[in-house]
2 protein chains.
Amino acid sequence: MDSREKILEVARDIFQKKGKSGTRMQEIADAAGVNKALLHYYFKNKDGLFKEVFVDLIRKMLLPLKQQMFQKNLPLEDRIQNFVDGYINSLKENPLLLTFILGELSMNNMPFVPPPEIGEGIIQLGVELKEDEEFKHIDPFQLATTIIGSCVFPFIARPMLIGLGLEKSTTFEEFLEERKKILPQIILSGIKIK
Amino acid sequence: MDSREKILEVARDIFQKKGKSGTRMQEIADAAGVNKALLHYYFKNKDGLFKEVFVDLIRKMLLPLKQQMFQKNLPLEDRIQNFVDGYINSLKENPLLLTFILGELSMNNMPFVPPPEIGEGIIQLGVELKEDEEFKHIDPFQLATTIIGSCVFPFIARPMLIGLGLEKSTTFEEFLEERKKILPQIILSGIKIK
DNA sequence: GTCTATAATGGGATAGAC
DNA sequence: GTCTATCCCATTATAGAC
């Protein structure tokens with residue numbers, strides 16, 4: 001693998017673990033097995049490297065949202081089930097991703113410009129809810145926040161949940177598997193008319 | 001107000017905004033209207049100051065959890081309604097609190113040792129669900145994660161939600177007010193037997 | 001308790017050889 | 001492209017006067 005790619009790869013990891021200001025250029029260089037000067041050669045400065053990593057990680061985070069939230073031609077039930085399944089799986093592979101992104105968005109105010117399809121998809125969800133006799137007329141942003149938040153929260157709050165005793169009766173892994181089953185049920189019963 | 005208290009007060013603000021490693025001792029000193037050396041006099045070093053602020057903020061975050069989740073003698077419906085109401089109100093007053101705490105817990109691994117009542121309260125919630133014919137037998141940690149996550153997520157993910165278009169049709173404030181009404185409905189329909 | 005002044009180090013950045 | 005060496009400012013930390 002070429003050096004540039006290698007640097008980006010380890011930078012992604014370290015930035016996620018320690019945040020932008022907690023990360024040292026030296027540490028990235030060491031982990032990548034190159035000299036610090038090379039980071040500046042490729043990315044000009046810390047900010048340049050960080051930005052490249054950040055937009056990359058934003059894309060990575062949005063991908064499953066795009067893919068799994070709005071597969072047309074499927075009934076809402078299946079789409080919610082698929083979404084919860086797919087999103088939790090994807091978060092399992094990148095457990096630090098959301099905490100990192102949301103933290104950085106809040107601290108520095110980094111730009112966040114998602115592709116418009118996602119926002120539009122949420123609006124569209126509202127239209128569907130209105131048209132379907134089976135469901136309550138819920139503001140789609142409320143629904144989306146509930147679904148996404150319920151999937152994401154275990155990852156963001158993992159240390160807190162463990163402190164509260166989550167792992168006394170199960171493992172985190174089992175908790176997530178159970179969650180994939182139970183969450184769609186709760187949500188669906190929650191938004192159906194009866 | 002004495003200097004020590006003043007320092008802690010501004011440190012709470014600044015640490016929440018910029019995170020531990022993003023915060024400069026100088027900035028805290030300036031904001032408190034004292035000299036930098038005084039911070040070291042009272043708190044020994046940055047870590048000492050941070051720790052004191054952090055445990056303080058942890059307590060602040062847990063307080064509404066303790067107060068509002070487990071008021072005995074009330075039917076579950078009312079307790080959930082009260083909890084959502086009270087917790088969202090409390091988060092409105094400290095919108096950065098959760099992002100900060102969860103971020104720092106994940107980056108540094110800060111100790112997180114909540115008072116045992118909260119964990120026990122969650123277990124107890126499970127017992128109640130089992131005893132009550134009206135509700136499904138749901139793992140209480142799944143339920144708690146869903147409720148807490150749904151309240152908290154809008155605050156943690158605010159920049160993201162705004163990027164997705166949340167504020168195109170309402171203000172964040174209105175969104176929260178609506179949320180207080182709608183969330184208990186979704187949750188309750190979600191866990192009731194029919 | 002609070003300040004000024006300064007030490008000590010950390011860490012981002014660059015020049016220049018190879 | 002990649003390295004060594006070095007610069008230099010930012011930031012933490014301390015000594016010592018008041």
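Order of the sequence lines fixes the chain letters, A, B, ..., with proteins taken first and strands second; residue numbering starts at 1 for each chain. None of these values were measured; they are calculated from a predicted model.
- A salt bridge links B/E77 with B/K192: the distance from a Lys NZ or Arg NE/NH1/NH2 to an Asp or Glu carboxylate oxygen falls below 4.0 Å.
- Using modelled atom types and a 3.5 Å distance limit, the side chains of A/D30 and A/Q26 yield a donor-acceptor pair.
- To the nearest angstrom, P of C/dG10 lies 15 Å from NZ of A/K46.
- B/Y41 has its OH atom 17 Å from the C1' atom of C/dT4, to the nearest Å.
- Residue B/K46 comes nearest to B/K20 through the heavy atom pair NZ-O, 3.1 Å, listed as atom of the first residue, atom of the second, then distance.
- In this structure, B/L38 places its CG atom 6 Å from C1' of C/dT2, rounding to the nearest Å.
- Defined by atom type and a distance below 3.5 Å, a donor-acceptor pair is present between the side-chain atoms of A/K136 and B/S189.
- Remark: P of C/dA15 and CG of A/N45 are 14 Å apart, rounded to the nearest angstrom.
- At least one side-chain nitrogen or oxygen of B/Y42 sits closer than 4.0 Å to the OP1 or OP2 atom of C/dT2.
- Across all strands, A/S21 comes closer than 4.0 Å to no nucleic acid atom at all (heavy-atom distances).
- Per the geometry, CD1 belonging to B/I7 stands 10 Å off C1' belonging to C/dG1, to the nearest Å.
- Comparing D/dT12, C/dA13, D/dG1 by their closest approach to the side chain of B/M25 singles out D/dT12.
- Side-chain proximity of B/H40 to the nucleotides D/dC3, C/dG1, D/dA13 is greatest for D/dA13.
- Taking atom CE on B/M1 and atom P on C/dG1, their separation rounds to 16 Å, with Å as the unit.
- Side-chain atoms of A/K36 stay outside donor-acceptor range of the base of C/dG11, with no qualifying N/O pair under 3.5 Å.
- When rounded to the nearest whole Å, the span between NZ of B/K44 and P of D/dA13 equals 10 Å.
- Of the two residues contacting DNA chain C, namely A/N35 and A/R24, the nearest-nucleotide position lying further toward the 5' end is that of A/R24.
- A donor-acceptor contact closer than 3.5 angstrom links the side chains of A/S21 and B/S21.
- Candidate nucleotides D/dT14, D/dC3, C/dT2 were compared by shortest atom distance to the side chain of B/A37, and D/dT14 ranks first.
- Between A/F43 atom CZ and D/dG1 atom P there is a gap of 12 Å when expressed in whole angstrom units.
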